[in-house]
Amino acid sequence: MLAEDRTVLLSGPDIGPLEQEFVLAALRSGWVAPAGPDLDLFEREIAARVGVPHAVALSSGTAALHLALLGIGAGPGDVVVVPTLTFVATANAVVYTGATPVFADCDPATGNLDPDLLAGLLAELSAEGARVRAVLTADLYGSCADYGRILPVCDRHGVPLIEDAAEALGATHRGRAAGSFGRAAALSFNGNKIMTTSGGGMLLTGDAELAGRARHLAGQARLPAEHYEHAEIGYNYRLSNLLAALGRAQLRRLDEMIERRRAVRDGYAKVFADVEGVRLPGGDDLAANCWLTCIAVDPERAGWQARELAAHLAARNVETRPVFKPMHLQPVFAGARTALSGAAERLFREGLALPSGSALGDDQVRRVLDGITEFLDGRR
Ligand SMILES: *Cc1c(COP(=O)(O)O)cnc(C)c1O
């Protein structure tokens, strides 16, 4: 197959010899079914990297969110504030517990939860006597939410924060690592994330009791008795030792992979630098892990729409994707309560995620940038 025929993926896995070495070593060690030393080490290494005391490796980021919410007692009758601009897993985890998500809009510049809107919403909910169990933030596309402003709002209302850091491992906010904010946080190691275990996740927390409870529930809530004793409903949510070995290799390469994504983002920043009506939403580039680079195109000023560029690139075998469709527009959440400013809907309309993976070769990045330049030249 010619290089030009290969699809340039949005965010494909980045796997090399180190990963092969770690997985083969785990396989040869016999620790296959399913716990083992790589699992324990993976938890310790991620906890050390993020700077949190406890880490529980799980089968997905969604499982981590579910157990974090159960760990703070979320259940029927509770309300959990969720950003409307996120991947559906954030909101689904709330529903799994029986609690009700309320969707809040984002800051138009970053796409992350709007702290002012949150303050108004929490005041409103508390005046109504609603039982707000948590604020669940998402660190969108690898930029931390504005915790410097969000945490004081949560504290004022006595509501714990849970951080969906599924997209943000390696990012920081004011020098603190993504995954270290709030009562508990979730990471994802899905195949398209900043690093992967092919599928997996991790719950992070400073709360030993919450971590122990998550570990218990993740193993079918099995009590220590030979005959399989169970006093409550549990889940099969543990990560396997083999996948943890893959994760350990990926973690060793995390900084290198972030550097690569940052370089890809820099390329987009340059190509769009003087283009009227186009911006790159997100936080501080140096604090973000640059998981996915998106552009937002104001069609009035640019004279073209994001989807026209998407079509131009698709014809050149380059994968792009619209910005997440906000949760309050999803049929499954029709009728949910919202606090909206219009920012998320606008980012959905005007946004486009561009190929951002660390496995992209220089030739592939060139192909994307040339495709963009060609498109822009055609519009001038
Ligand atoms: C990927 C993702 C998740 C879910 O992680 P999985 O490991 O796929 O279950 C949750 N929240 C956000 C914001 C994500 O991007």
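Indexing begins at 1, ligand by ligand and atom by atom, following the structure's order.
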L113 to L118 - nearest heavy-atom pair and separation: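 Closest approach of L113 to L118, heavy atoms only: CD2-CD2, 4.0 Å.
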Apart from I15 itself, residues in the same hydrophobic cluster as defined by side-chain heavy atoms under 4.5 Å: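 Besides I15, the hydrophobic cluster comprises V23, L246, listed by chain and residue number.
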Whether H173 and Y147 hold their rings parallel, tilted or perpendicular, with breakpoints at 30° and 60°: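 Ring orientation, 0 to 90° scale: perpendicular.
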Plane angle bin for W304 and F375 - parallel if under 30°, tilted between 30 and 60°, otherwise perpendicular: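 F375 vs W304 ring planes: perpendicular.
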Tabulated below should be the N or O atoms of ligand 1 paired with protein N or O atoms at under 3.5 Å; can you produce that?
unit_1	atom_1	unit_2	atom_2	d
ligand 1	5 (O)	S188	OG	3.2
ligand 1	7 (O)	G61	N	2.7
ligand 1	7 (O)	S188	OG	2.7
ligand 1	9 (O)	G61	N	3.3
ligand 1	9 (O)	T62	N	2.9
ligand 1	9 (O)	T62	OG1	2.5
ligand 1	11 (N)	D164	OD1	3.3
ligand 1	11 (N)	D164	OD2	2.7
ligand 1	15 (O)	E167	OE2	2.5
ligand 1	15 (O)	K193	NZ	3.3

ring-ring contact (aromatic ring centres under 6.0 Å, His included) partners of residues 253-279, not counting sequence neighbours, each pair once: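 Applying ring-ring contact (aromatic ring centres under 6.0 Å, His included) to every pair that reaches into residues 253-279, excluding sequence neighbours, yields nothing.
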Show the atom names and distances, to 0.1 Å, of all donor-acceptor pairs under 3.5 Å that link a side chain in residues 213-221 to residues at least two apart or in another chain.
unit_1	atom_1	unit_2	atom_2	d
R213	NH1	E232	OE2	3.1
R213	NH2	E232	OE1	2.9
R215	NH1	E43	OE1	3.3
R215	NH1	E43	OE2	3.3
R215	NH2	E43	OE1	3.2
R215	NH2	A55	O	3.1

